[in-house]
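Contents: one structure, followed by commentary.
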Amino acid sequence: MGLKENKESKIKQVPLSNKEANSQNLWPDLPQQLLHLIARESTSFRNICYKGVTKSWRAESYRCSSRNPTPPWLQVFFHDNKGADKQPHIFNIAFKQLGFWYRKRCWDFDRYPKLHFLGSSHGILVAKGHDVWDPVGGSRWRLPPWDSRDPFICAFLSASPWQYTLKMECFVLVLTGISHPAFVFYQICGGWKKHAWIKADCTIVDPNCSNPSERRHFMRFTNAIGFKGKFYALSLQGTLAVIENIDSHLRITALGKKRAIPSDSSLHFRELMVESGEEVLLVFLISKASSNIVDSVEVYQLDVDDLTWIKMESLGDRTLFLGSNCCMSVSASKVGCKRDCVYYTHRSGDYGWWVYDLDKATISPAS
């Protein structure tokens with residue numbers, strides 16, 4: 001789906017004031033009207049997913065003697081956002097419907113006014129400091145101490161602890177971005193387990209890796225989502241892997257058939273995985289020239305049976321909101337926003353909200 005430019009898409013993007021720029025440290029980074037709705041209906045909070053990852057293309061340097069040049073490969077793109085990712089965020093929702101009971105629980109909010117969030121799924125936040133926090137119910141789980149030798153990219157939950165039963169198992173998965181260990185996990189629900197992280201190496205060769213500097217090309221995971229008790233993880237090179245519980249141990253059980261990359265050529269793209277109803281969506285915010293400008297948007301739906309990505313021409317009544325530190329799918333008719341659209345902000349948060357209309361394939365400033 002090519003992007004059709006209109007006059008609105010060429011409007012000069014003016015940076016926000018200093019006061020507005022500081023608001024990028026608020027979590028979740030969503031429009032205020034949507035935050036008011038979540039505050040009134042706390043069940044909507046469970047639909048907020050964590051931020052995505054930005055990738056850039058890199059090609060092997062030109063060699064005159066190279067008869068068989070290797071194709072370009074992907075690497076993580078670290079955007080200069082003035083250290084925003086390393087700073088704590090201020091939790092930005094006060095759940096109004098809890099009334100008196102919220103006032104009794106507000107010590108949690110006051111005691112931890114700022115947290116360094118490392119993940120969000122199923123209405124649960126994972127924060128730096130070994131905490132899993134339920135901001136609606138006020139519950140906390142203490143995670144095992146982290147091995148500082150292992151990198152920590154982001155964390156996800158396999159299911160919702162809200163639906164906890166003795167037979168249900170809920171895991172916290174942490175992606176490292178390396179292959180040894182490829183991921184680390186801990187079981188927080190489903191029986192008494194040892195209070196320790198379990199590390200899992202990956203010895204599966206990534207079928208889409210062409211980086212000549214990586215001799216074995218083992219898979220390295222940079223993005224994931226927990227869906228119906230399983231994890232669907234994307235490698236740095238766009239290979240889909242299913243990670244599920246086998247005898248209280250998370251293992252890779254299947255690989256996708258097609259690489260998850262935009263169909264439109266680009267230098268950089270931001271990759272986000274969103275749970276929308278009973279579906280897993282993959283969204284690409286594509287930057288063809290400058291990392292500060294999104295030129296096109298593509299949305300794909302995961303076929304969980306065939307493990308393939310199907311490009312979507314319409315979202316129907318749904319609308320996606322992609323902030324700088326989170327993303328969310330909503331019912332447009334319920335929220336009162338424009339349907340079949342993707343609202344997004346740039347990673348730096350300096351250019352406000354923009355909207356991509358799937359039907360018209362146009363980008364314009366969001367009112």
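The chain is numbered in sequence order, starting from 1. As the structure is a computational prediction, the values presented were derived from the model and not from experiment. Keep in mind that the numbers below use all heavy atoms, side chains included, and drop hydrogens, waters and symmetry copies.
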> Are L358 and V342 close enough that some pair of their side-chain heavy atoms sits under 4.5 Å apart?
Replying inline: yes

> Got a salt bridge between R142 and D131, using NZ or NE/NH1/NH2 to carboxylate O under 4.0 Å?
Replying inline: yes

> Under the ring-ring contact (aromatic ring centres under 6.0 Å, His included) criterion, do F321 and Y344 qualify, and how do the steps go?
Replying inline: CA-CA 6 Å; F321 286 89; Y344 66 88; over 10 Å; no

>> Can you tell whether the side chains of K51 and E271 come within less than 4.0 Å, N to carboxylate O?
In response: no

> Is any side-chain heavy atom of S329 closer than 4.5 Å to a side-chain heavy atom of N47?
Replying inline: no

> What is the minimum heavy-atom distance between A159 and C170, and which atoms define it?
Replying inline: O-SG, 3.5 Å

> With side chains defined as the heavy atoms from C-beta onward, is the minimum distance between L236 and W73 less than 4.5 Å?
Replying inline: no

>> Could you tell me if the side chain of I252 sits less than 4.5 Å from the side chain of V242, heavy atoms only?
In response: no

>> With a 4.5 Å cut-off on side-chain heavy atoms, are N325 and H89 touching?
In response: yes

>> Please report the interatomic distance NE2(H217) to OG(S179), rounded to the nearest 0.5 Å.
In response: 11.5 Å

>> Under a 4.0 Å threshold between the charged nitrogen and the carboxylate oxygen, would E41 count as salt-bridged to R46?
In response: no

>> As a quick check of understanding, evaluate side-chain contact (heavy atoms from CB on, under 4.5 Å) for Y356 and Y343, giving each step before the final call.
In response: CA-CA 6 Å; Y356 176 80; Y343 288 81; over 6 Å; no

>> Less than 4.5 Å apart, side chain to side chain, heavy atoms only: is that true for W354 and S364?
In response: no

>> I'd like to know if D306 pairs up with K257 as an ion pair, taking the criterion as any Lys NZ or Arg NE/NH1/NH2 lying under 4.0 Å from an Asp or Glu carboxylate oxygen.
In response: yes

>> Side chains of S276 and R318: any donor to acceptor distance under 3.5 Å?
In response: yes

>> Tell me whether R270 contacts the main-chain N or O of I286 through its side chain, where contact means a donor paired with an acceptor under 3.5 Å.
In response: no

> If you take all heavy atoms of M312 and L281, which pair is closest and at what distance?
Replying inline: SD-CD2, 3.5 Å

> Stepwise, does the side-chain contact (heavy atoms from CB on, under 4.5 Å) test hold for I153 with T176?
Replying inline: CA-CA 5 Å; I153 292 184; T176 63; 5.8 Å; no

>> Can you tell whether the side chains of D264 and K288 come within less than 4.0 Å, N to carboxylate O?
In response: yes

>> Hydrophobic cluster membership, with links at side-chain heavy-atom distances under 4.5 Å among I/L/V/M/F/W/Y: are Y50 and L34 in one?
In response: yes

>> Before we go on, tell me: are the rings of F269 and F77 under 6.0 Å apart, centre to centre?
In response: no

> Hey, what do you get for CZ (F284) to CH2 (W309), rounding to the nearest 0.5 Å?
Replying inline: 7.5 Å

> Atom CD1 in I48, atom CD1 in I124: separation rounded to 0.5 Å?
Replying inline: 12.0 Å

> So how far is it from Y186 OH to I188 CD1, rounded to the nearest 0.5 Å?
Replying inline: 8.0 Å

> Same hydrophobic cluster for L175 and I178, using side-chain heavy-atom links shorter than 4.5 Å among ILVMFWY?
Replying inline: no

> Do W57 and L267 share a hydrophobic cluster (ILVMFWY, side-chain heavy atoms under 4.5 Å, transitive)?
Replying inline: no

>> Could you walk me through whether W146 and K128 satisfy the side-chain contact (heavy atoms from CB on, under 4.5 Å) test, starting with their C-alpha distance in whole Å, then the side-chain angles of each, then the deciding distance to 0.1 Å, before giving a yes or no?
In response: CA-CA 10 Å; W146 183 256; K128 190 174 183 179; over 6 Å; no

> Would you say S121 and I225 make side-chain contact, with heavy atoms under 4.5 Å?
Replying inline: no

> Which pair of non-hydrogen atoms, one from S287 and one from I293, has the smallest distance, and what is that distance?
Replying inline: OG-O, 2.8 Å

> Tell me, which pairs form a ring pair (Phe, Tyr, Trp, His ring centres under 6.0 Å) where one or both residues lie in residues 230-259, sequence neighbours left out?
Replying inline: F185-H249

>> For D357 and T362, which I'm curious about, is there any donor-acceptor pair between the side chains at under 3.5 Å?
In response: no

> Any donor and acceptor pair, going by atom type alone, linking the side chain of D303 with main-chain N or O of T308 inside 3.5 Å?
Replying inline: no

> Closest heavy-atom contact between A155 and V174?
Replying inline: CB-CG2, 4.0 Å

> Nearest 0.5 Å, what's the OG1-CE distance between T319 and M328?
Replying inline: 11.5 Å

> Would you say the side-chain atoms of S263 and E298 include a donor-acceptor pair closer than 3.5 Å?
Replying inline: yes

> Which heavy-atom pair separates W353 from L30 by the least distance, and what is that distance?
Replying inline: CZ2-CA, 3.9 Å

>> If I compare all heavy atoms of E275 with all of G277, which pair ends up nearest, and what's the gap?
In response: OE2-O, 3.8 Å

> V355 and I363: side-chain contact (heavy atoms from CB on, under 4.5 Å), yes or no, with the steps?
Replying inline: CA-CA 6 Å; V355 56; I363 291 177; over 6 Å; no

> So, the side chain of H122 versus the backbone of L157: is there a donor-acceptor pair under 3.5 Å, distance only?
Replying inline: yes

>> Suppose we screen for side chain to side chain contact (heavy atoms under 4.5 Å, CB included). Which residues come up paired with K199, at least two apart in sequence or across chains?
In response: D147, R149, D150, P181, V184

> Is there side-chain contact between F171 and L250, with heavy atoms separated by less than 4.5 Å?
Replying inline: yes

>> Please report the interatomic distance CZ(R251) to SG(C202), rounded to the nearest 0.5 Å.
In response: 13.0 Å

